[in-house]
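Structure first, then comments.
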Number of protein chains: 2
Amino acid sequence: MKIEQDIKVAVDAIVFGYHSGKLYLLLIKQKYGKYQGHWALPGGFVQNGEGLQAAVARELKEEAGVKVNYLEQLYTFGDAIDRDHRGQIISVAYFGLVNSAKLKLKAATDAEDANWFDSKDLPGLAYDHRMMVDKAIQRLQSKLQYQPIGFDLLDREFPFSDLEKLYQTILDRKIERRNFRRKILGFGILDETKKIKQKGSGRPAVLYKFNNQKYKALEKKGFHFEIKYA
Amino acid sequence: MKIEQDIKVAVDAIVFGYHSGKLYLLLIKQKYGKYQGHWALPGGFVQNGEGLQAAVARELKEEAGVKVNYLEQLYTFGDAIDRDHRGQIISVAYFGLVNSAKLKLKAATDAEDANWFDSKDLPGLAYDHRMMVDKAIQRLQSKLQYQPIGFDLLDREFPFSDLEKLYQTILDRKIERRNFRRKILGFGILDETKKIKQKGSGRPAVLYKFNNQKYKALEKKGFHFEIKYA
DNA sequence: ACAAAAGTGTTAGACCTACACCCATGG
DNA sequence: CCATGGGTGTAGGTCTAACACTTTTGT
């Protein structure tokens, strides 16, 4: 190609997990360079012949051994030309979710250089990653209210109270249990299962399962998932 | 920089205008290359030291002399590595709106190589631009329902019926006049003005003006613009 | 006087909100 | 039997949806 362009393309991933009332973010400890020892989002340069989403998936696997449950493009950062000290680099940021089970496993087995952090208590981040995280949290909050992505953060089968707590945690406000339950169950996108006794005490909870087929079918008929609720 | 990356970064703009019940899209006739003579979205390579949004603004000015009223990032296309025959090029697409007055002027004065096309009757487009346009139309339709961007497509002062027709045109469905009017006026973000007789016949209409300050003030108090309506 | 577009109210049903007690289990 | 968390109904208010005729102008 004729044109001379000294701009590089990177991808970064903002990946969330949820467990027991806390929202977690996946971070990687930098091994080299200016930010050595600091925490940063997983990501890196796109390789020749590689698509953007493929690059994200590769980086997540290489750097953290994580396979996401949900992944979508968030935003492309490239207005501040000095956002990276190494040169002009634009970064296509992706937003991902992993489910509860994988999160626990990961947190237990992982070495030093990839870790889950409580999203309310993050360390200082490299580059402009803090901005990316903030944008991702906003996106998560708003998506939660008009798409059924909360289920991607829970186990495949979950007690209803987990869903309720998840909404309360992420949206950072109280939710009225009866109204919330009526609304969600009214959608008809959850299937009931057997029972289980979770945390020792208390009445055992029925487990529910998100039925994606039912959701897709309803969606085609013009149905819109939506949760508002003060 | 050490890494060798043969990926180029381009920007493209999907710019809409509205006039008299039609939604228009800005296109540029290609002068060189494989798609010579075909129509394509305004856009091009980002220059060294230039931010993404700045690049879009520059291309719009250079190629069409257009200054947009509203501009936001739409999506970054870069999963299909062969989307451009010249090599691996990712394109950051932006979504823009110009207001009615500028549109008329443009359509009248412009030469051969930039033109407004009825969005319902577009020519074949170069590259993957058709996909970009479809995505932009979806974005426009959904944004119209939860942000007051319709006003960016109208004159500064407009009869209420224009707003109604705009919604009907873009959302491609009938809107109930009384409900729509009550809803919008109820928000308290429009100011009334004098009168005017538009198209000859019919009762003259009161002109309204969007008051952005009032909107911003309400927004801070937790107000959300929203139009649903069958 | 007629054609054309602007303007205007009411009612039934759906949905949202607020609110407090009983149930099933483990210790 | 007590502590813990799960599960349930109702009533008032607000918002949506559906509906057709009158007003003001130009011709």
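For the numbers below, each heavy atom of this structure counts, side chains included, while hydrogens, waters and symmetry mates do not. Here is how names work: the chains are called A, B, and so on, in the same order as the sequence lines, proteins then strands, and each is numbered from 1.
Of the candidate nucleotides C/dC19, D/dG6, D/dA20, D/dA20 has the atom nearest to the side chain of B/R178. For A/N179, taking side-chain heavy atoms from C-beta onward, the closest of the listed nucleotides C/dA4, C/dT17, D/dC19 is C/dT17.
Aromatic ring pairs are classed by plane angle as parallel below 30°, tilted from 30° to 60° and perpendicular above 60°; the pair A/H129 and A/Y127 is tilted. Using cut-offs of 30° and 60° for the angle between ring planes, the A/F225 and A/F151 rings count as perpendicular.
Two residues, A/S201 and B/P159, neighbour DNA chain C, and the one matched to the more 5' nucleotide by heavy-atom proximity is B/P159. Closest-nucleotide positions on DNA chain D for A/G202 and A/R177 were compared, and the one nearer the 5' end corresponds to A/G202.
A straight line from NZ of B/K195 to C1' of C/dG7 spans 10 Å, rounded to a whole angstrom. As a whole-Å value, the separation of A/E226 CD from C/dA14 C1' is 14 Å. Per the geometry, CD1 belonging to B/I175 stands 17 Å off C1' belonging to C/dA6, to the nearest Å. To the nearest angstrom, C1' of D/dT16 lies 11 Å from CD of B/E176. What separates CZ of A/R203 from P of D/dG6 is a distance of 10 Å, to the nearest Å. One interatomic measurement links the two molecules: CG of A/D162 to C1' of D/dG5, which rounds to 12 Å at whole-angstrom precision. The interatomic distance linking A/K174 (NZ) with C/dT17 (P) rounds to 17 Å, in whole Å.
No side-chain N or O of B/Q213 forms a donor-acceptor pair with one of B/Y215 less than 3.5 Å apart.
Annotation: the span from A/L166 atom CG to A/D162 atom CG amounts to 8.0 Å, rounded to 0.5 Å. Rounded to the nearest 0.5 angstrom, B/I137 CD1 and B/F95 CZ are separated by 10.0 Å.
Taken residue by residue, residues 181-189 of chain B places heavy atoms nearer than 4.0 Å to DNA chain C at B/R181, B/R182.
For the pair B/R181 and B/F160, the cation-pi test (distance below 6.0 Å, angle within 45°) is passed.
Aromatic ring centres of B/F16 and B/Y24: separated by at least 6.0 Å.
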